[in-house]
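The structure appears right after this line, and notes come after that.
This structure is a prediction, so every number in the text was calculated from the model and none was measured. Numbers restart at 1 for each chain; the letters A, B, ... are given by sequence-line order, proteins then strands.
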Amino acid sequence: DSPNLGKVITPEQVASWDISISPDGAGLPPGSGTPKQGEAVYASKCLACHGEKGAGKPNDALVGGIGSLVGDKPAMKTVGSFWPYATTIFDYVRRAMPYNESKTLTNDELYAVAAYILQLNGIIGENETMNAQTLPRVRMPNRDGFVTFVPAKPK
Amino acid sequence: DSPNLGKVITPEQVASWDISISPDGAGLPPGSGTPKQGEAVYASKCLACHGEKGAGKPNDALVGGIGSLVGDKPAMKTVGSFWPYATTIFDYVRRAMPYNESKTLTNDELYAVAAYILQLNGIIGENETMNAQTLPRVRMPNRDGFVTFVPAKPK
Amino acid sequence: AMSAATGGITFPDTAAGDPLPVESWMKTPGAPFVPYGQPSEYENKVARTFTTAPGTTGTGASRTPHHLLDGMITPNGLHFERHHSGIPDINPDAHRLVIHGLVKRSLVFTLDELTRYPMESRIAFIECGGNGQLLYQKEPAQVGVQQMQGQVSCAEWTGVKLAALLQEAGVDPKAKWILAEGADAAGMSRSLPLAEIMQDALIALYQNGERVRPANGYPIRLLLPGFEGNMNVKWLRRIKLTEGPTMTKDETSKYTITMPDGKSLQFVFAQEGKSVITRPSPGLTMKEPGFYEITGLAWSGYGKIAKVEISADGGKSWAPAALQEPVLSKALTRFRMAWRWNGGPAVLQSRATDDIGYVQPTREKMIADRGSRTIYHSNAVTTWGVSENGEVKHVYA
Amino acid sequence: AMSAATGGITFPDTAAGDPLPVESWMKTPGAPFVPYGQPSEYENKVARTFTTAPGTTGTGASRTPHHLLDGMITPNGLHFERHHSGIPDINPDAHRLVIHGLVKRSLVFTLDELTRYPMESRIAFIECGGNGQLLYQKEPAQVGVQQMQGQVSCAEWTGVKLAALLQEAGVDPKAKWILAEGADAAGMSRSLPLAEIMQDALIALYQNGERVRPANGYPIRLLLPGFEGNMNVKWLRRIKLTEGPTMTKDETSKYTITMPDGKSLQFVFAQEGKSVITRPSPGLTMKEPGFYEITGLAWSGYGKIAKVEISADGGKSWAPAALQEPVLSKALTRFRMAWRWNGGPAVLQSRATDDIGYVQPTREKMIADRGSRTIYHSNAVTTWGVSENGEVKHVYA
Ligand code: HEC
Ligand code: HEC
Ligand SMILES: [Ca+2]
Ligand SMILES: [Ca+2]
Ligand SMILES: [Ca+2]
Ligand SMILES: [Ca+2]
Ligand SMILES: [Ca+2]
Ligand SMILES: [Ca+2]
Ligand SMILES: [Co+2]
Ligand SMILES: [Co+2]
């Protein structure tokens, strides 16, 4: 005998909030963008915080560190060196960036800026287009870098 | 193996704080006062809050209610009708009154104002003097009105 | 919209057809960090109410808004208060605790010294001896749980065992009582029976983790779990060991139970077993029939709550509520029961039983036993009447 | 003055000869009542400290000053925070909770609706996955317990069981994960394993009795007792049931443990068994040899604390501390031990064991197992070195 006080809501009503993207691409909206288009978005909306070509300062670097996860020097973890799925870029930038006005980029801008970050990291070429089909197929360098943690068992 | 971090303190050092009075009069300081002297103290330091002749308003009445503890009408509990020990008047007025500048009355003023309140209640006569010997001997009308509460026992 | 209940199965309604709005706070960065946080501005009605004697600063009481809270802990900002001359602004470096009277050596402690002692934590309620006094009135006061029963709160108190300090002072076998005195302008003082407080009494320095709040005795207060609030002397400056009780104002003129025969019961230490429903309660109008949780608080100065029963028919039938774990001795205990309001009149009551077997009395029984010549130690059942339109009122069943 | 210890018996010193002063607050009425109370002004150093990313509002963390607190409850104003885009000022009337994805029917709840559900209270710690990260550094950071271990706090949370709401929505058997998402400007989101959270997950509405603080998720947050702080999504607006994890930024880019071989351990849910001494600790200089209580906090995301041992010689010998009752599963547990400091150097450590038998590792062991290529899930022993002059410093033993 549950209270049942919730109201049924339709997918159309939830759509404005349903912004998460699965690693298989489920949830990606229509639209597309190229690194070149992304460069323009980046210059006007991201560069001030993430630096020239994603080099960082004052906030996180978005480029570099590939190969730094092992060895003696500190690991440099960036979108390029560390993130296992390109879909996370779309998901995260859409929900959280630009920092001061998140959730304002268009789908085309989002695909474009994702393409630009991927291209800066050498993961896609200058002429590739990112869209709902291509983005989930991008193979990130650290895709196989994650292992599920096994919790301690009762002794 | 207790911490033992306290410091030993002498009765002389504690005297300024040791203001409580036992019902047997232990703790009463030297000094004395009469109802007449107390009337003057009362007029200048108490009347504004406790009314003409302790009749009350805006704050507690200090007079009246003797005989009101039984019967149908609401009980009127005052120093006169309810308090079992006259020493409590000295103790309480010394620590808490006058409300806006407590702990400022002299011992003579305290004996005097206690005498005045007792006399207003018809408990002592106009010519009696209150001091460390006489005050604890005053028999309050409700002295035998208290019974120790017996708490519930486990069932 | 109301839910349509058909043969026990409730089908959810459909929300209005608009897309969910992407509110400004979902797009624009929020407020920065602050050293010490506060509740949401939207919660500013979750506040203590208070009554003050005319022409005075803070002589009176403030009450916890239990109808708006849940859980067992009262947040420090909403702990009920009873002050006799306002809240002193005590400089902790100047504060001292003196232990003297019938001891081998009189001792004085600074706060830094006390802070080095072994500490003990205890989740405990404190209830004013005057809480619930409106139940002695002939007609049911048209007020809610805050005004009726708001002078009880519960916190995790941490402090030094009074027994440890007394042992260092060396208690004279003649000492049977202690006088505890505050550093406030009223010099609040009470006599406490030594044997009965030795086990539990704490000199509390911390309240829900942080230093005791000024309103609750900063920098130190006495904590006597289960005992009348007034005995838990705040701003504690002095402990004097004595042979007999000092017969202070608050244990003679106040906090005694005057019986119909005119005699007054004195030294009523424990707050006896009690409970009150906090939700539903007056002010929380039920907008539609359907599911509601009945919840409230139970406590006993004798020990743990063993059982809370709830009646929705003014005491004709009772069913046991669930007790929220952990159930702790002399702490508030949250009880809960699922209830489906059918839209008709209902009369809600709760009745606590503690682990010594003490059963909370009905109002009739309390008044039959004690009359109404007192205002203290009212622990009778409180009754909320629900009307057909969902309004909840204080009633006598 | 120092106490003279002679053959085990300590004689108290004598206080300076002046009479005890009758301070102004003993004679003049204090402050009046206020609706919502605050700590003493004298305690304004008992505050959170915080670090913010450059050029942002409240992207960062604040820390609880555990060296200045005692007990198990963290007062709401001092609960640690981790925000990704400041503290949203959410209008509770506009707030909604959506449950959708792999369910029979998608549902939306208002706060008024949620408030009518059966509630459950739970005293639980929340610890940031990044707490203790300074222990991964090569050299001991010269900071105290607040900076080292201040991103853990404990409160009584009250709310609605997530399982109850999911049951109403009707979970599709294909659903194995949920995505939880916040209504803040960062849209904080994490994937949670459905089977592992069904038992305990609460939609928390109350924190230590009052509504959840804005900094902690007002009007609702997810509570997953024992699980990584970041998973306890604040300002919760959406729950989406999914087949697999969404691989959000915070569970890939962040909150993974990168091992020496370059692989990263992902989905580290439980905060493993841990403890830290809060007193003595850096900043709390010991002015003289003599008695001190060693006290601190222990916790484990796997269950109850079973044992805390203390060493004063850098781990050569250990003795069990007393655990303050009540010891609750996935709550902070206060431990205490009497200690007499002889005035010489000492190296203080605590080591927790929980009721599944998990033993808190030494720093050496943690780093041998994991290296230092991560900042997350540092639960190693923290060491405080006491010097002859009573100063306490963070050291590696
Ligand atoms: C006003 C400053 C600011 C602007 C403008 C901004 N960012 Fe950010 N960005 C940040 C901050 C601060 C963080 C870290 C957030 C956190 O810790 O939760 C961040 C984090 C990120 C990250 C995650 C990095 C990591 O490795 O975890 C990405 C990706 C990112 N930003 C992309 C963008 C893009 C794309 C834009 C423009 C469309 C943008 N940012 C604009 C401040 C900014
Ligand atoms: C500014 C107001 C004020 C002044 C001046 C004042 N009083 Fe009071 N008095 C009060 C208040 C208020 C109380 C109740 C205090 C409480 O509830 O703790 C009180 C209580 C008392 C009581 C206890 C009454 C009872 O039955 O409990 C006595 C006795 C008393 N005052 C005597 C005096 C005397 C004697 C003086 C003057 C020397 C005095 N008061 C001056 C306000 C005042
Ligand atoms: Ca409905
Ligand atoms: Ca100080
Ligand atoms: Ca009182
Ligand atoms: Ca000493
Ligand atoms: Ca509202
Ligand atoms: Ca986080
Ligand atoms: Co009271
Ligand atoms: Co964190």
> So which heavy atom on C:Pro245 is nearest to which on B:Pro23, and how close?
Replying inline: O-CD, 3.5 Å
> Donor-acceptor pair, C:Arg116 side chain versus B:Pro3 backbone, under 3.5 Å?
Replying inline: no
>> Please classify the contact between C:Ala185 and chain B as side chain, backbone, both or neither, with a heavy-atom cut-off of under 4.5 Å.
In response: both
> Is there side-chain contact between B:Pro151 and C:Tyr302, with heavy atoms separated by less than 4.5 Å?
Replying inline: yes
> Which heavy atom in B:Ser20 sits nearest to a heavy atom in C:Thr246, and how many Å separate them?
Replying inline: CB-CG2, 4.1 Å
>> Which atoms of B:Pro74 are under 4.5 Å from chain C, going by heavy atoms: the side chain, the backbone, both sets, or neither?
In response: backbone
> Any residues in residues 96-114 of chain B near chain C, with a heavy-atom distance under 4.5 Å, and which are they?
Replying inline: B:Ala96, B:Tyr99, B:Ser102, B:Lys103
> Non-hydrogen atoms of chain C under 4.5 Å away: do they reach the side chain of B:Ile89, the backbone, both or neither?
Replying inline: neither
>> With chain B as the partner, which of C:Gly371, C:Gly301, C:Ser85 has the greatest number of non-hydrogen pairs under 4.5 Å?
In response: C:Ser85
> Looking at C:Ala53, C:Gly86, C:Gly357, which one has more heavy-atom pairs under 4.5 Å with chain B than the rest?
Replying inline: C:Gly357
>> Counting heavy-atom pairs closer than 4.5 Å to chain C, which one of B:Arg95, B:Lys57, B:Lys153, B:Gln13 comes out on top?
In response: B:Arg95
> For C:Glu272, is it the side chain, the backbone, both or neither that has a heavy atom under 4.5 Å from a heavy atom of chain B?
Replying inline: side chain
Under 3.5 Å, side-chain donor or acceptor atoms of residues 45-52 of chain B against the rest of the protein: list the pairs with distances, not counting sequence neighbours.
from    : atom 1 : to      : atom 2 : distance (Å)
B:His50 : ND1    : B:Asp60 : O      : 2.7

> Say you draw a straight line from OG1 of C:Thr248 to CD1 of B:Ile21; how long is it, rounded to the nearest 0.5 Å?
Replying inline: 12.5 Å
> Who in residues 33-42 of chain B is close to chain C, using a strict under-4.5 Å heavy-atom cut-off?
Replying inline: none
> Which atoms of B:Phe146 come close to chain C, meaning under 4.5 Å heavy atom to heavy atom: side chain ones, backbone ones, both, or neither?
Replying inline: both
> Is atom NZ of B:Lys155 surrounded by more than 12 heavy atoms (other residues, nucleotides or ligands) closer than 6.0 Å?
Replying inline: yes
>> Looking only at heavy atoms and a cut-off of under 4.5 Å, which of C:Leu179, C:Thr374, C:Thr256 has the most pairs with chain B?
In response: C:Thr256
>> Quick check: do B:Asn59 and C:Thr59 have side-chain heavy atoms less than 4.5 Å from each other?
In response: no
>> Is C:Asp355 close to chain B through its backbone or its side chain, or both, or neither, when contacts mean heavy atoms under 4.5 Å?
In response: neither
Could you list the donor-acceptor pairs under 3.5 angstrom formed between side-chain atoms of residues 76-85 of chain B and any protein atom two or more places apart in sequence or on another chain?
from    : atom 1 : to       : atom 2 : distance (Å)
B:Lys77 : NZ     : C:Thr258 : OG1    : 2.7
B:Lys77 : NZ     : C:Arg373 : O      : 3.4
B:Thr78 : OG1    : B:Gly64  : O      : 2.7
B:Thr78 : OG1    : B:Gly80  : N      : 3.0
B:Thr78 : OG1    : B:Ser81  : N      : 3.1
B:Ser81 : OG     : B:Met76  : O      : 2.6
B:Ser81 : OG     : B:Thr78  : N      : 2.8
B:Trp83 : NE1    : C:Ser253 : OG     : 3.2

> Given the options C:Gly187, C:Gly244, C:Gly303, which has more heavy-atom pairs under 4.5 Å with chain B than any of the others?
Replying inline: C:Gly187
>> Using modelled atom types and a 3.5 Å cut-off, is there a donor and acceptor pairing between side-chain atoms of C:Glu113 and backbone atoms of B:Gly6?
In response: no
> Does some side-chain heavy atom of C:Leu107 sit less than 4.5 Å from a side-chain heavy atom of B:Ile9?
Replying inline: no
> Do C:His100 and B:Trp17 come within less than 4.5 Å of each other through their side chains, counting heavy atoms only?
Replying inline: no
>> Is C:Glu181 in contact with chain B via its backbone, its side chain, both, or neither, using a 4.5 Å heavy-atom distance?
In response: side chain
> Can you name the closest pair of heavy atoms from B:Asp18 and C:Lys240 and give their distance?
Replying inline: OD1-NZ, 2.8 Å
> How about C:Lys307: does its NZ atom have over 12 heavy atoms from other parts shown lying under 6.0 Å from it?
Replying inline: no
> Got a second to check how far C:Glu168's CD is from B:Asn4's CG, nearest 0.5 Å?
Replying inline: 4.0 Å
>> For the interface with chain B, which of C:Ala183, C:Pro260, C:Ala186 has the highest count of heavy-atom pairs at distances below 4.5 Å?
In response: C:Ala186
> For B:Phe149 and C:Phe267, which heavy atoms make the closest approach, and how far apart are they?
Replying inline: CB-O, 3.8 Å
> Above 12 or not: heavy atoms from other molecules or residues under 6.0 Å from CD of C:Gln167?
Replying inline: no
>> Tell me which of these, B:Asp91, B:Ile19, B:Val150, B:Thr10, has more heavy-atom pairs under 4.5 Å with chain C than the rest.
In response: B:Ile19
> Side chain, backbone, both or neither: which part of B:Val14 has an atom under 4.5 Å from a heavy atom of chain C?
Replying inline: side chain
>> Tell me which of these, C:Ser106, C:Ser189, C:Gly262, C:Gly101, has more heavy-atom pairs under 4.5 Å with chain B than the rest.
In response: C:Ser106
>> If I measure from the heavy atoms of chain C, does B:Asp24 come under 4.5 Å with its side chain, its backbone, both, or neither?
In response: neither
> Under 6.0 Å from the CD atom of B:Glu126, do we count more than 12 heavy atoms belonging to anything else shown?
Replying inline: no
